[in-house]
Amino acid sequence: MEILIGGAWPYANGSLHLGHIAALLPGDILARYFRQKGEDVLYVSGSDCNGTPISIRANQENTTVKAIADYYHNEFVDSFRKLGFSYDLYTRTDDEHHHKSVQKIFLTLLENGFLYKKKIEQAYCAVDTQFLPDRFVEGVCPNCGTKARGDQCDNCSTILDPLDLLEKRCKICGDEPEIRETEHFYFSFSKFQTKLESYVAKAALEKRWRDNAIGLTNRYLAEGVPDRAVTRDLPNGIDVPVPGFEGKKFSYGLKR
Ligand SMILES: [Zn+2]
Ligand SMILES: [Zn+2]
């Protein structure tokens, strides 16, 4: 039997702590278990070197995204080696192979009709001449009135869209951003609604899952599976290989 185990990709903007290791350990135990049983195991993971937090940190420390990513990636590799993790491949998201693979999967999904373009409004800084990623917009939380970032309010834990913020400011230059229209690709999760419902019904019938797993999944399905943006205006990451999308990158998060 071929077994793929994908460990979570730690984000390369800070050192690992015990919580990371606790979450990653079960994958390593599974990999060792299946190898001992003689199965064909591929246990992979890597450092996530893309995204906004690394780029904000690079700005603050007056260095490059690559320097920050290199530092923590090397630290992670060293920690995993000392702890005896048995990854078959531990790589990084700024690796060329990773970029090419993501673009290939995207183009396959596009060909098969699982992606569509949608126009949305987004904060744009005229001074820095760029669309601002969520965390590059700061302002006042409309829910509790304290200072908040564009993706979430740390004070009241409300998940925010940057346009929800009051007194919006660009994190780079401090100016008030404009609202401009931009276009992004969305993944049609909704196309999988019926298929997912029948999978869960089968799992329930054959008693393959625990009751709470079936209950929780059915609750999500009852709300309707939402489509999600797969591209964003990010400062670093994987380019979107479609004309007209120059400068935009793929997103990994769960952004509506
Ligand atoms: Zn708040
Ligand atoms: Zn600005």
Side-chain angles (χ1 to χ4, degrees), residues 11-14 17 19-20 23 48-72 93-94 117-186 216 219-220 223-224 226-240 242-256:
Y11 198 63
N13 78 330
H17 53 71
H20 289 107
D48 186 355
C49 302
N50 298 332
T52 318
I54 294 185
S55 139
I56 290 178
R57 184 148 183 174
N59 276 350
Q60 284 166 348
E61 295 185 11
N62 228 342
T63 179
T64 61
V65 166
K66 186 169 184 309
I68 303 265
D70 284 351
Y71 179 84
Y72 288 108
T93 57
D94 53 3
K117 290 182 206 170
K118 188 169 133 185
K119 287 201 165 85
I120 55 160
E121 291 194 316
Q122 200 175 335
Y124 180 90
C125 178
V127 179
D128 298 302
T129 61
Q130 67 170 81
F131 280 102
L132 298 172
D134 298 357
R135 291 182 189 217
F136 276 75
V137 185
E138 290 180 330
V140 172
C141 170
N143 187 45
C144 72
T146 60
K147 246 191 115 191
R149 282 196 319 259
D151 56 343
Q152 131 161 12
C153 172
D154 286 335
N155 185 51
C156 70
S157 304
T158 303
I159 302 293
L160 296 167
D161 185 281
L163 303 192
D164 297 337
L165 290 174
L166 310 170
E167 297 169 39
K168 290 181 264 302
R169 290 277 172 252
C170 165
K171 194 180 166 95
I172 309 166
C173 72
D175 252 45
E176 188 181 348
E178 303 168 9
I179 311 293
R180 283 199 191 178
E181 200 172 64
T182 177
E183 197 168 36
H184 282 290
F185 277 102
Y186 278 69
L216 193 65
R219 215 179 72 203
Y220 284 130
E223 287 171 12
D227 293 346
R228 302 280 191 178
V230 295
T231 62
R232 282 202 224 179
D233 294 281
L234 291 174
N236 66 77
I238 301 166
D239 293 327
V240 182
V242 171
F245 279 74
E246 292 81 7
K248 294 181 201 272
K249 312 284 181 194
F250 287 112
S251 63
Y252 294 82
L254 292 173
K255 174 90 184 146
R256 285 195 187 217

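Order of appearance sets the numbers: ligands from 1, and atoms from 1 within every ligand. Values reported hereafter were calculated over all heavy atoms of this structure, with side chains retained and with hydrogens, waters and symmetry mates removed. Treat the numbers as computed from the prediction; the structure is a model and nothing was measured.
When SG of Cys173 and SG of Cys170 are joined through the Zn ion (ligand 2), the resulting angle is 110° to the nearest 10°. Here the angle centred on the Zn ion (ligand 1), running from SG of Cys153 over to SG of Cys156, is 110°, rounded to 10°. Atoms SG of Cys125 and OD2 of Asp128, as seen from the Zn ion (ligand 2), are separated by an angle of 100°, to the nearest 10°.
With Lys248 as the fixed residue, the side chain to side chain donor-acceptor pair (under 3.5 Å) test singles out one of Thr231, Thr182, Asp239: Thr182. Tested against Asp233, the residues Lys249, Gln130, His184 include a single side chain to side chain donor-acceptor pair (under 3.5 Å) partner, His184.
Here the side chain of Arg57 pairs a donor or acceptor atom with the backbone of Asn13 at under 3.5 angstrom.
The local environment of CD in Glu246 is crowded, with over 12 non-hydrogen atoms from other residues, nucleotides or ligands closer than 6.0 Å.
Not a single N/O/S atom of Asp175, whether from backbone or side chain, sits less than 2.8 Å from the Zn ion (ligand 2).
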